[in-house]
Amino acid sequence: MDEPRHLSQLLERAAARRPDHPAVEDEQGRITTYAQLFRAADRLATRLSRWGVGRGDRVGLVLPKSPIAVSALHGILRAGAAYVPLDVSGPSSRGVGILADGGVKAAVVTPEWAERIQRNWPGPGPCPRLIVADEESDLIASEVTWDEVQDDTAPSPLAPPRLAGDLAYILYTSGSTGQPKGVMLSHANAFNFLDWCDQTLGPWNASDRFSSHAPFHFDLSVFDLFQSCRQASTLVLIGEALGRDPVRLGEFLTRSRISVWYSAPSILALLTQYSNRVEAVPSAPRLVLFAGEVFPIEPLRQLRRLWPHSAMWNLYGPTETNVCTAFRIPDTIADDRIAPFPIGSVCSPFRARVVDDSGQDVAEGALGELVIAGPGVMRGYFGRADLTASVFFRDRDGAAWYRTGDLVVDDGFGCFHFHGRRDRMIKKRGYRIELGEIETVFYRHEGVDRAAVIAKHDDSGVSVAAFIAMKPGCKGSIIAMKQHCARYLPAYMIPDTITFLSDLPTTSTDKVDYQGLKRLATSPA
Ligand code: AMP
């Protein structure tokens, strides 16, 4: 049989190979087998197809992490459509705006989100058909429940053509102009990554248990969801609350016998910190992957001591490419090492270069922007041809290079060292934040005259500081301003501090003096 090139084939094969094997296990230890997962996905795909949802269409997914959410995402793929996952705890306006921007034809949602979508749908397209995953809810005519969809015994339609170049999912990330941008990834993009994982991180064990720590709207989840399915292994779901509680998480790791772990570094650092204080060390996964931000060396050294035998990797890559460079962490980390480890060498078959502003290679050992080409690079930003064009450039051979915005130095052996960003995007606990998006939200407040947001880096990590000058006659209130932010931004983007100034410092050209604000933010009160 040919190797699968469409993500929906992974579940099909896993269900045929190991129908009774646990496919998904939730926090309470409840199991969904591969046969059950496949059936649930097939029922959803049948309903979506009957509604005319198929190749090229988008379907929203706004559910807490659960076996239903996993089946829904597989069902959307099985129908030939692309899933658009959203943060279920995010603000209504942002979520509904994303679903409208993505032009979703249908969405699988909680009752609360069904109401939000129907009440606030902005158009121009019609409000999507909704499948509500809660039997308790009072339904409006245009909705059906998940259970109704599951109980429907209509025969499955013929599978749509499954082409590797088709859109598989759209992941929305923070956008500097205030509008989140939808990164379009195809099945081929996903398989480029999964193949690299097989070649580099495999072989896998039939008994492997993969953590699902990242939410489904983050690209780390692509590994958890599809690599576990490709091996017909078990995916162990970790919800938001457990995911950020290091004490419970440590116990959970041991109890749930997770063997393959993948997350941002920050939760691993916390886990290490708390493990020093409790008696039982969390059981070591055999493979530990982290990505999304720099892992500072001290907590990493402690993690290494805690789990000396795990294979550990620092993976790097923006959502636009998924993982594109990787570095294997050595078995021991010298006591006097102070620099973080590099992001490593390029993952085949990607190609990587370090260039200057005009796209010319910099001299060996010089600082430049990392640019990436190859089959894992995204198709573009959904509906934003202008923005897509601005992040790519073509070389003389016609190859399209994606500008990561990350500054790196090549050590001369093709191993890249990360030196921060060239723009105003930051990472906070693994979350990608465009400071410009937060500023745009402040400007939506009628009392704000000028607003500027900066990132502060210290021993405890990254925090976001906002400075605001109110219009004459308007009084600034920190509580009111945080409430205003919460209407438009997810919790992790709400600034940690808000300072009201009579005027913001400016440069000679009347631009906000960000350097001046940084000095202000770090000066003692
Ligand atoms: P995201 O699109 O959320 O995956 O964020 C991508 C950005 O996170 C990259 O462009 C980098 O700035 C940063 N990043 C990702 N992985 C790493 C890593 N291993 N080390 C340092 N920064 C990273």
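As the structure lists them, so they are numbered: ligands from 1, and atoms in each ligand from 1.
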Handout entry: Check ion pair Arg5-Asp195 (N to O, under 4.0 angstrom)
Key = yes

Handout entry: Verdict with supporting geometry, Ser89 and Glu240, side-chain hydrogen bond (donor to acceptor under 3.5 Å, both in side chains)
Key = CA-CA 9 Å; Ser89 54; Glu240 212 185 314; 3.2 Å; yes

Completion exercise
Output for ligand 1, non-hydrogen cut-off under 4.0 Å, lists Asp219, Gly292, Glu293, Val294, Asn314, Leu315, Tyr316, Gly317, Pro318, Thr319, Ile343, Asp406, Phe418, Arg421, Lys427, Arg432

Can you name the residues that form a ring pair (Phe, Tyr, Trp, His ring centres under 6.0 Å) with [X], not counting sequence neighbours?
X	value
His484	His445, Tyr488
Phe226	His74
Phe290	Phe295

Exercise for the section: Kindly indicate whether a cation-pi arrangement holds for Arg424 with Tyr514, taking the cut-offs as under 6.0 Å to the six-membered ring centre and within 45° of the axis. Expected result: yes

